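Structure, as structure tokens:
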Amino acid sequence: MAAAARLLGLRAAGLRPLLCAAGAGPAPASVVWRSILGISPRAGLAWRPRRCGSSSAEATATKTEDEGFLRWFLLLIPVTAFGLGTWQVQRRKWKLQLIAELESRVTAEPIPLPADPTELKNLEYRPVKVRGHFDHSKELYMMPRTMVDPAREAREAGRLSSAAESGAYVVTPFYCTELGITILVNRGFVPRRKVNPDTRQKGQVEGEVDLVGMVRLTETRKPFVPENNPERNHWHYRDLEAMARLTGAEPIFIDADFKSTIPGGPIGGQTRVTLRNEHLQYIITWYGLSAATSYLWCRKFVSRTPGV
């Protein structure tokens, strides 16, 4: 009996160094005893030893792969910001050219209103001159509106509320004697208490007059702007086709200039000519973000500053 025990001990002792030399971890007890007793394993079942140190090696490889992916993914932030800044530079050049073109068009000498309406598509904000008479019986009202006043608007810039009085633009059919057509003329602003034409009879000019105004094109309804209400004669945006159908005029629209103003009548010159140009601050924002994120990326992945 003692001899058998010694033999078993020798077999077990001999297995341990072989297993470790093969790079295996501890084997299950059942496998050890089956090997000692010379019992062959069950069919289809086998013990596969774990490789010593494989977990730490795989973890290191995974960490390296994740860090490499993170490095190039984060580099997209400064690169994208730089690209957007460069795009804003191009947008600013385009906007400055557009503003210069608009200013030159607004200050140009007035030309006769073209007889072909299709020519007007390229003439928005261009001053034109017409001669004829108004038909005050078919006035339209664009409301609510406030009077264009650059001095007041400059004082109130940045405020959440405005002290401007609310009112309407009076749009009146105008028969052009020379062209033989009727167009729509925005005569200008009247306060709400003067919307009713009976309250401003002195301003209802009669007879033939010469007018200068800026060509305006039709508008599409912007989000949150109410629908026009022709039944109540409330117009929130310029729908020239609908306005023309209601008044029997051509879908041609001009804003009368300030010189057309007469005492007691609408105040002309209600053309708001402004183009937002905020591209410089966008350029600073995007290039600044690109510079900041580039610096952080270099500290993280190039200089390897501890703790970052």
Side-chain angles (χ1 to χ4, degrees), residues 101-143 145-151 167-191 194-219 233 235 238-274:
E101 179 185 344
L102 183 58
E103 289 177 350
S104 65
R105 182 178 296 187
V106 168
T107 57
E109 287 295 319
I111 61 174
L113 181 69
D116 185 0
T118 58
E119 295 182 27
L120 298 176
K121 293 181 179 180
N122 299 320
L123 293 178
E124 187 164 26
Y125 296 109
R126 185 73 162 82
V128 295
K129 52 186 178 182
V130 293
R131 180 176 179 80
H133 61 270
F134 289 104
D135 181 359
H136 299 293
S137 65
K138 297 180 180 179
E139 283 184 349
L140 305 177
Y141 306 111
M142 297 184 67
M143 57 193 306
R145 291 293 189 272
T146 57
M147 188 172 67
V148 174
D149 185 352
Y169 290 165
V170 179
V171 179
T172 309
F174 184 86
Y175 179 76
C176 301
T177 306
E178 297 177 354
L179 297 177
I181 61 173
T182 300
I183 65 172
L184 298 169
V185 176
N186 173 16
R187 294 186 62 201
F189 172 83
V190 293
K194 293 285 188 180
V195 171
N196 189 335
D198 294 335
T199 63
R200 46 182 169 83
Q201 285 297 321
K202 292 182 179 180
Q204 302 296 78
V205 60
E206 300 292 342
E208 280 203 339
V209 295
D210 291 310
L211 275 182
V212 173
M214 291 186 185
V215 175
R216 303 305 306 276
L217 302 181
T218 193
E219 289 180 312
N233 200 5
W235 302 82
R238 286 190 310 275
D239 184 346
L240 298 191
E241 293 294 337
M243 289 177 165
R245 284 195 302 268
L246 191 64
T247 58
E250 296 294 325
I252 300 173
F253 192 104
I254 67 172
D255 287 338
D257 66 2
F258 183 75
K259 294 179 182 178
S260 68
T261 305
I262 61 174
I267 302 172
Q270 299 303 305
T271 306
R272 197 178 300 275
V273 186
T274 55

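Bear in mind the structure is a predicted one, so any value in this text is a computation, not a measurement.
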May I ask you to test the [X]-[Y] pair for a side-chain heavy-atom distance under 4.5 Å?
X: Phe253; Y: Arg238; answer: yes
X: Val205; Y: Arg187; answer: yes
X: Val185; Y: Val171; answer: no
X: Lys202; Y: Pro263; answer: no
X: Glu206; Y: His136; answer: yes
X: Met142; Y: Gln270; answer: no
X: Thr182; Y: Phe174; answer: no
X: Arg131; Y: Leu211; answer: no

Checking Glu241 against Thr218 for the side-chain hydrogen bond (donor to acceptor under 3.5 Å, both in side chains) test, could you report, in this order, the C-alpha distance in whole Å, the side-chain angles of both residues, the deciding distance, and whether it holds?
CA-CA 8 Å; Glu241 293 294 337; Thr218 193; over 6 Å; no

Is Ser260 reaching over with its side chain to a backbone N or O of Gly268, donor-acceptor style, under 3.5 angstrom?
no

Arg216 side chain to Asn186 backbone, donor-acceptor under 3.5 Å:
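It does not hold such a pair.
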
Mind checking the [atom1]-[atom2] spacing from [X] to [Y]? Nearest 0.5 Å is all I need.
X: Tyr125; Y: Glu101; atom1: OH; atom2: CD; result: 12.5 Å
X: Ile252; Y: Cys176; atom1: CD1; atom2: SG; result: 7.5 Å
X: Leu113; Y: Lys129; atom1: CG; atom2: NZ; result: 11.5 Å
X: Leu184; Y: Thr172; atom1: CG; atom2: OG1; result: 9.0 Å
X: Asp135; Y: His133; atom1: CG; atom2: NE2; result: 7.0 Å
X: Asn122; Y: Arg126; atom1: CG; atom2: CZ; result: 12.0 Å

Shortest non-hydrogen contact from [X] to [Y]?
X: Pro251; Y: Leu240; value: O-CD1, 3.6 Å
X: Gly203; Y: Ile262; value: O-CD1, 3.4 Å
X: Pro197; Y: Tyr141; value: CD-OH, 3.4 Å
X: Tyr175; Y: Gly180; value: OH-CA, 3.5 Å

Start with the C-alpha distance between Glu139 and Arg200, add both sets of side-chain angles, then the distance that settles salt bridge (charged side-chain N to carboxylate O under 4.0 Å, His left out), and finish with yes or no.
CA-CA 13 Å; Glu139 283 184 349; Arg200 46 182 169 83; 2.9 Å; yes

Take atom CD of Gln201 as the centre, draw a 6.0 Å sphere, and report whether it contains more than 12 heavy atoms from other residues, nucleotides or ligands.
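Yes - once you tally the heavy atoms of other residues, nucleotides and ligands closer than 6.0 Å, there are more than 12.
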
With a 6.0 Å cut-off (strictly less than), is the heavy-atom count around CD of Glu178, excluding the residue itself, greater than 12?
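No, the 6.0 Å shell around CD holds no more than 12 heavy atoms from other groups.
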
side-chain contact (heavy atoms from CB on, under 4.5 Å) with Ile254: of Ile183, Leu120, Val212, Thr271, only one passes, and it is Ile183

Whether Arg145 engages the ring of Tyr169 as a cation-pi pair (distance to the six-membered ring centre under 6.0 angstrom, angle to the ring normal within 45°) should be assessed.
yes

What's the verdict on side-chain contact (heavy atoms from CB on, under 4.5 Å) for Trp235 and Met143, showing C-alpha distance, side-chain angles and the deciding distance?
CA-CA 6 Å; Trp235 302 82; Met143 57 193 306; over 6 Å; no

Under the criterion side-chain contact (heavy atoms from CB on, under 4.5 Å), I'd like the reasoning laid out for Val190 against Ile267: C-alpha separation, chi angles, the key distance, then a yes or no.
CA-CA 7 Å; Val190 293; Ile267 302 172; over 6 Å; no

